[in-house]
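Working notes, structure below.
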Amino acid sequence: MSVYQLKDIDHYYGDKQVLSIENVTIPAASITGLVGPNGSGKSTLLKLLAFLEEATYGAILFNGQKVVPLSDKVRFKVTLLAQEPYLMRRSVFDNVAYGLKIRRDTKNLKARVGEALAQVGLDPQSFSRRKWSALSGGETQRVALAARLILKPEVLLLDEPTASVDSHSARLIKQASLKAREEWGTTLVVATHDWQWLYETCDTVLHLLHGRLFKGGLGCTVYGPWRIGQRDLLQKELEDGQVLVVPRPEEGKEMAVINPSKLKITLPGRDPLLKWNIDTLYGIVTRLFLERNGDTVQTAIKVAELVITIRLQRDKVEKLKLSPGQKVSIAYDPRDIEWF
Amino acid sequence: MDFIQEGFTQAYTLLRSLDPATYSAISSTLRASGLAMAASLLLGIPLGYLLGYFDFRFKKQIRIIVDTLLALPTVFIGLVIYALLSRNGPFGEAGLLFTIPGIAIGQTLLSLPIIIALTATAVEAADRNLHITLMSLGANSRKIAASTLWEVRLGILAAAVTATGRVLTEVGISLMVGGNIKWHTRTITTAIALETSKGEFGMGIALGLVLLLIALTVNISLAGLRRRI
Amino acid sequence: MIMGRILILFVFFALLSGSLILTASSGKAGETGRKLLMATTTSTDNTSLLDYLMPSFTTKTGIGIQWISTGTGKALKLGENCDVDVLLVHAPQAEIAFVNKGYGMERRKIMYNDFVLIGPSEDPANIKGRRVSEAMQAIGSSADAFVSRGDNSGTNKKERTLWKLAHMPIPDQETWYKQSGQGMLATIHVAAELKGYTLTDRGTYIKYESVADNMPALNILVEGDEVLLNQYSVIPVNPKHCSGVKYKDAKALSAWLAGPEAQGLIREFKLLGKHLFIPNADQE
């Protein structure tokens, strides 16, 4: 059963296209991670999933139905914790109780608020009566999360929930949101830079870059300046002197994006026979994350100033004996590099 | 200028001796201002919310007009309201000229732009994330409006304080629409104008001090309200 | 709950205004029954003549009376616009025009007081004791400061009449001619500051004298001329022009003011120990 079905979403702010997503399905009770650099459209996608905005083109089906913002079908089921937590100018108790009050569901209110606060590691006794202004950043974020958890939402959307909080708060926030899925089967969609969390807990990770989804890893963007090279291709000299070769762009496109699923990783010196149209870059492995499925490993490789993240099969990583600091060569076909 | 000192002693005597004319003027002032404030808050807060919250055509132009109305001279408002309420005017039948409700209508016109403009500014200045938060916690449009206004309550209170100050102290409307009729529509400010024209400067100062005292009482209670919310 | 809190704000103001209306209506304001609205000039109210006179009328007839004291020009305008029932004013020319236009009727003389020319005791233009016309000519030709109300009030109109009677052009932009645009008392204070001359009604001068502890900077220099008399008349607003006016009550007031009781009261009225008005009602 899928909670969300996204169909041909094109979303614009004014003339600027901010999202272009063809088809994505998010199953019920799953955890979906959203990664991508700032400005890649993560927050916008979360707002669309929260039905705070309506996609300019295309449709998002919720439990198989088309819905519009403020619709009663989703209002009480989906909740978003925005990137900058906002607490209303009232007590912690009133902030947490707000959602239940507007649902006219105030039975055992005090006990439930206490429970929600305890869930995010805040002592109800000392925090309930506190003012919104008397909280640290991490506490604010946790109170904001408690205000969502108390609703036992069907879908909980988290936008960088751990980005600007202390590590203690971050741990509590992660625990509490995972517990929501375990206890109530809440579907989670999380935008985060926390790689470890992503690959440890997420069933699916969606890679966003400039409003587009990349399969198999995080696309890596390269900007100019470019110079004209051989075979009618363009070249970019990286900081360490290596040269990246890309095809000529279409009119008006400025950034080249390397799609990691098209790359081949080998150890230096053991390169397969080079074909005429294949180029090679050398890099250093910086991070390795085993994904939740246990089969694939997210591998971050630093190539001069670029970081390329590739999803590799676990047995391949073991065969190559990859570890951080390991030097690798990356073979690519310049024609696979796309322009945006 | 011994009449300033004389004013202080006279103010004390007036209040102490429960001077009926003074208390009648105090009562007229408070009734007119109270009515005007109640009406302008009831009208102004929702209008200010609409103006601050929604985007619509001519919003900027309306905003400029409202801001311009902040500069309405009270004498001018008095004249316009007089023309409307005069027995020969379009609303003459209502018999509101030279009455407290008549003054209140004029003062509402004076305070309404203040309430609307400052409420709109407060709503506009509210955090963008407030809106997202309210929506994502399940609020509908009505709840969003109510909760947003409650979030900016201090801004609205500031609007009320500013408008109360203007309404309590204006003289042009009270004089023109109220007529300064003793025991009926003589307010403290029109009484000050009268005493001054009679040369009773000390009495004028005394009444001015009484008005200050009222403003002080009103503001102390509003400050109390501010702390409580 | 949030709505509830916003309501508290409203209720606060509603209670404020509500309680005030209650306290006020229990006070002096609630005169029921017949009520007559009169527009009059500031001089009658400022001197407290009306406070002294009107309770007797109300006792006798049961007609309550409220008055709006303002400049003569505005008083006539209020009558023209049907906002008052009766006028008590002192600008004979304008009053006659008012009646001729059909706004008022049965204009009746009630009393007079008089205007006086005042100036510094040094009297640089040397007008003391002279006829008004000579005095005005002397001031005009000596170019000593003269302060005018400049507000089209009854006093201002009288002053312009005096210039005309003295065969003088009415001054306007001359440097010695200052137009204060303010009330009589304020104008006297301006004249005192400038050591200039001015025309005032006697009532305001008495007031000024007493405020100045009888050490006034300005003294009466010219008085008693026929043209200096300031005639007050009462004019009921014409019911044919204004259907809503209380003509009967206005007429009753007019008759009472001209009657022996009111005339006697006016004669005995004193401001700061000095007689001010001389009754001279037309008898029917």
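- Residues His131(B) and Tyr86(A) are not in side-chain contact: their nearest non-hydrogen atoms beyond the backbone lie 4.5 Å or more apart.
- When all heavy atoms are compared, the tightest approach of Arg103(A) to Leu137(B) is NH1-O, 2.7 Å.
- Interatomic distance, Arg128(B) CZ to Glu84(A) CD, rounded to the nearest 0.5 Å: 10.0 Å.
- Summarising the geometry of Met135(B) relative to Pro69(A), their closest heavy-atom pair is CE-CB, 4.3 Å, with the distance given to 0.1 Å.
- In this structure, Arg153(B) contributes its side chain and Arg89(A) its backbone to a donor-acceptor pair below 3.5 Å.
- Heavy-atom minimum distance, Leu130(B) versus Met88(A): CD1-CG, 4.1 Å.
- Residue contact with chain A, scored on non-hydrogen atoms closer than 4.5 Å, involves the side chain of Ile144(B) exclusively.
- Annotation for Ile102(A) and Lys143(B): closest pair CG2-CD, 3.5 Å, computed over non-hydrogen atoms.
- Contact of Lys47(A) with chain B is made through the side chain alone, with heavy-atom distances under 4.5 Å.
- Distance alone, capped at 3.5 Å, places no donor-acceptor pair between the Ser136(B) side chain and the Thr79(A) backbone.
- No more than 12 heavy atoms of other residues, nucleotides or ligands sit less than 6.0 Å from atom CZ of Phe76(B).
- Judged by distance alone, the side chains of Tyr98(A) and Thr133(B) never bring a donor and an acceptor atom under 3.5 Å apart.
- Within the 4.5 angstrom heavy-atom criterion, atoms from both the backbone and the side chain of Leu80(A) approach chain B.
- Contacts of Ala82(A) with chain B are made by side-chain atoms alone, with heavy-atom separations under 4.5 Å and no backbone atom involved.
- Heavy-atom neighbours of Phe76(A) CZ from other residues, nucleotides or ligands within 6.0 Å: above the threshold of 12.
- Remark: Glu93(B) CD is loosely packed, at most 12 non-hydrogen atoms of other residues, nucleotides or ligands lying under 6.0 Å away.
- Looking at Leu100(A), there are no atoms closer than 4.5 Å to chain B (heavy atoms on both sides), in backbone or side chain.
- With a 6.0 Å radius and a threshold of 12 heavy atoms from other residues, nucleotides or ligands, Lys59(B) has its NZ atom above the threshold.
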